[in-house]
Asker: 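Have a look at the structure that comes next, please.
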Protein chains: 2
Amino acid sequence: MTRKRNTNRNAGTPTLADVARLAGMSEITVSRVVRNQGPIADATRTRVLAAIAQLGYIPNRAAGSLASAASTLMTVLLPSLSNIVFPDVLRGIHTAITETAFQPVIGVTDYDPLIEERILLSFLAWQPAAVILAGLHHTPTARKHLEQGRFRVAELMDIDGDPVDIAVGMSHRQAGYETGRHLIERGYRRFGYAGHMLISDDRAKARYQGLCEALREAGLSLVGEMRVPGGGSTIAGRELLEKLLAAHPDLDVVIFPNDDMAIGGIFYCIHAGILIKERLGIFGFNGLDIGQAMPLPLSTILSKRFLIGKTAAEKLLESRERPAEKTIINTGFDIIEGATA
Amino acid sequence: MTRKRNTNRNAGTPTLADVARLAGMSEITVSRVVRNQGPIADATRTRVLAAIAQLGYIPNRAAGSLASAASTLMTVLLPSLSNIVFPDVLRGIHTAITETAFQPVIGVTDYDPLIEERILLSFLAWQPAAVILAGLHHTPTARKHLEQGRFRVAELMDIDGDPVDIAVGMSHRQAGYETGRHLIERGYRRFGYAGHMLISDDRAKARYQGLCEALREAGLSLVGEMRVPGGGSTIAGRELLEKLLAAHPDLDVVIFPNDDMAIGGIFYCIHAGILIKERLGIFGFNGLDIGQAMPLPLSTILSKRFLIGKTAAEKLLESRERPAEKTIINTGFDIIEGATA
DNA sequence: AAGAATAATGACAGCGCTACCATAAAACGC
DNA sequence: GCGTTTTATGGTAGCGCTGTCATTATTCTT
């Protein structure tokens, strides 16, 4: 006598079989209607849909994923949620997949490749359809799984490197370089850098290096630089600029790794009565709305976060299979002239 | 002759059975080790763990969820990602569950209950362990599923209403009321409101009503109000204040539904040379870092977004079963005195 | 020392769905 | 008009786990 376990397990939750019985069709036909797959006669579809509505049937994705060895989940690993930058990326991803069957599972890595690896492995347990992560730098184990997995991979933000599958972003080294050129052209000579100590923020580091390269080419170098511990905030930027100017009163321009810190710098200048742009140039990175809404719009570089997320997700949707060729999409960046440098 | 489908399906991906074979144990024992469940001898555990490491075994959560009729997924439905408020909530949730087996699946509702319902139903297909959403107002269908589902439910931000299971947040009506009282005490009499037109932002609406109530009690009322279409941004706040003051030059204080817009208002005052606080008070809502980093810190109300997310997730982790009693947790709010009102 | 409780492990069915193959009817080609 | 393709549907065997029950050591009572 076979033991039936179904007693009160999912009592009341209708299954494909229930729908099939009510509609007078086989399970597989119902399944095809649900997935919109294969040829189905209009009359059949109507009948099945009615049965689904009547029962309030909700497909069990765990069963579906198990049977097909593939899920509709899209793993998204972001370095942080504290800054609006990554929510913007997530928003782009969400916009691209909102009308599809894909659902984003998100993890936060704190800019730590080891945490990234741990979360990645735990997410692979769902056999995701795609994995989206930030940057091209991962642990060897993570890289191995990314390369061997049966899913699409998109690496965002950065394109200076060798992607697993798709890379969407911009060259941060070039952004830093262009920042330097831009400011040199405007006559600035005594450069300061007010940064943070996020060692794993490869993008900020690349911009810093690009900046230094531009200075070197022009026979210049950073006169002074300081870094705050942690990720850098508006308040940190404000306090850091005060310290930096105390140590190097002769700076004529200060570059910040992001707009948040740069805005803090502007607030310090307002507070201290320092004439922005004429006496001290301020330059940021990201092109946040708030920087552009200020009385003096911030001079900065617009990174296209939303576009990066959206483009990546759209690209991933194009094919379930990983193509032979790797793809690199450069979304570029715009220098925002602004009024602070 | 039984057809084997396993041919190249998951070629190479080791299963529980593979681990069991290598470790010389039964599948169920391996399963118990993986799930850290039931009594396991130390020697056995060591042996199994070694086999897992050797094979690089990754459990298949789809199979696990199917067998146990429960997943480790936590559904998170947020109204928006454009504003840092909801990423802050998400950050709190993530902080609470980061060391657990739970994984957040996120959806964005655009403040639309119908979209919320649609996403909710599609997420229920994963048999989530918990559902987190914003506000206490949902479609009847959504509410029905929330009440009947075999998962915990947390409704965030708002506590003015009847929750399904747990509500964590603050009274927005009271926040609006206290804003009014606070400003009246400081001598302001000619109130303006510069808002947005997000009809479904129930929280902003409740604050507005609370504000009006405080004014009414004091024999006052709004002298002028204006709203921008959409959700409101710094730039919108800036432009809106200009228009509002053009129509009502005699206002002595303006309340904004959020800090972003209020900061825009401050920028307009700086630009137009209006003496903030003495000539015109500015009051926001949220207590964003940037508002406090400004030369004149913004007068506002601190909503404890991170705490709300974290508290809710922690509370959900306490028990898998929904308790008989509903829980309402008031995280409260702080009035930030600031220097703008 | 006999019985009871506990610790440690296993056998096996079945969770709800989809891949794979098969089949029958309708449409098509020339 | 007879093969051939296309359209529409179904039977069935798993997918990889875990719940349930069973079994055998081991330890504890008194």
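Chain letters run A, B, ... following the sequence lines, proteins first, then strands; residues in each count from 1. Quick caveat: nothing in here was measured; it's all calculated off a predicted structure.
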Asker: Is a donor on one side and an acceptor on the other found under 3.5 Å between the side chain of B:Lys326 and the backbone of B:Asp165?
Answerer: no
Asker: Between the side chain of A:Thr331 and the main-chain N/O of A:Ile308, is any donor-acceptor distance below 3.5 Å?
Answerer: no
Asker: From CD of B:Glu27 over to P of C:dA13, roughly how many Å is that when rounded to an integer?
Answerer: 13 Å
Asker: Any side-chain N or O of A:Arg32 below 4.0 angstrom from OP1/OP2 of C:dA19?
Answerer: no
Asker: Are A:Ser31 and A:Arg35 linked by a side-chain donor-acceptor pair shorter than 3.5 Å?
Answerer: yes
Asker: Strictly below 4.0 Å, heavy-atom distances to any atom of DNA chain D: list the hits from residues 40-52 of chain A, or just say none.
Answerer: A:Ile40, A:Ala41, A:Thr44
Asker: Starting at CG of A:Asn60 and ending at P of C:dC17, how long is that distance when rounded to a whole Å?
Answerer: 6 Å
Asker: Rounded to whole Å, please give me the gap between CG in A:Leu16 and P in D:dG10.
Answerer: 13 Å
Asker: If I take atom CD1 in residue B:Ile58 and atom P in nucleotide D:dC17, what distance separates them, rounded to the nearest angstrom?
Answerer: 11 Å
Asker: If you compare every side-chain N and O of B:Arg35 against the phosphate oxygens of D:dT18 (OP1, OP2), does one of them come in below 4.0 Å?
Answerer: yes
Asker: Send over the distance from A:Gln127 CD to C:dC17 P, rounded to a whole Å.
Answerer: 17 Å
Asker: Between A:His138 and A:Glu116, is any side-chain donor less than 3.5 angstrom from a side-chain acceptor?
Answerer: yes
Asker: Find out whether B:Val131 and B:Phe123 are in side-chain contact, i.e. whether some heavy atom of one side chain is under 4.5 Å from a heavy atom of the other.
Answerer: no
Asker: For B:Ala63 and B:Pro39, find the nucleotide of DNA chain C closest to each by heavy atoms; which residue's nucleotide sits nearer the 5' end?
Answerer: B:Pro39
Asker: Centre of A:Phe151's six-membered ring, under 6.0 Å away, within 45 degrees of the axis: is that where NZ or CZ of A:Arg322 sits?
Answerer: yes
Asker: Report yes if a side-chain nitrogen or oxygen of B:Ser26 is closer than 4.0 Å to either non-bridging phosphate oxygen (OP1 or OP2) of C:dG10; otherwise report no.
Answerer: yes
Asker: Let me know the distance between CG of B:Asp18 and P of D:dG16, rounded to the nearest Å.
Answerer: 9 Å
Asker: Please check the phosphate of C:dG10 (OP1 and OP2 only) for any side-chain N or O of B:Thr29 closer than 4.0 Å.
Answerer: yes
Asker: Measure from CG on B:Leu66 to C1' on C:dC15 and round the result to the nearest Å.
Answerer: 4 Å
Asker: Can you find a side chain N or O atom of A:Ser31 that sits less than 4.0 Å from OP1 or OP2 on C:dC17?
Answerer: no
Asker: Is there a donor-acceptor pair closer than 3.5 Å between any side-chain N or O of B:Asn83 and the backbone N or O of B:Val85?
Answerer: yes
Asker: What is the distance, rounded to the nearest whole Å, between atom CD of A:Gln37 and atom P of C:dA19?
Answerer: 6 Å
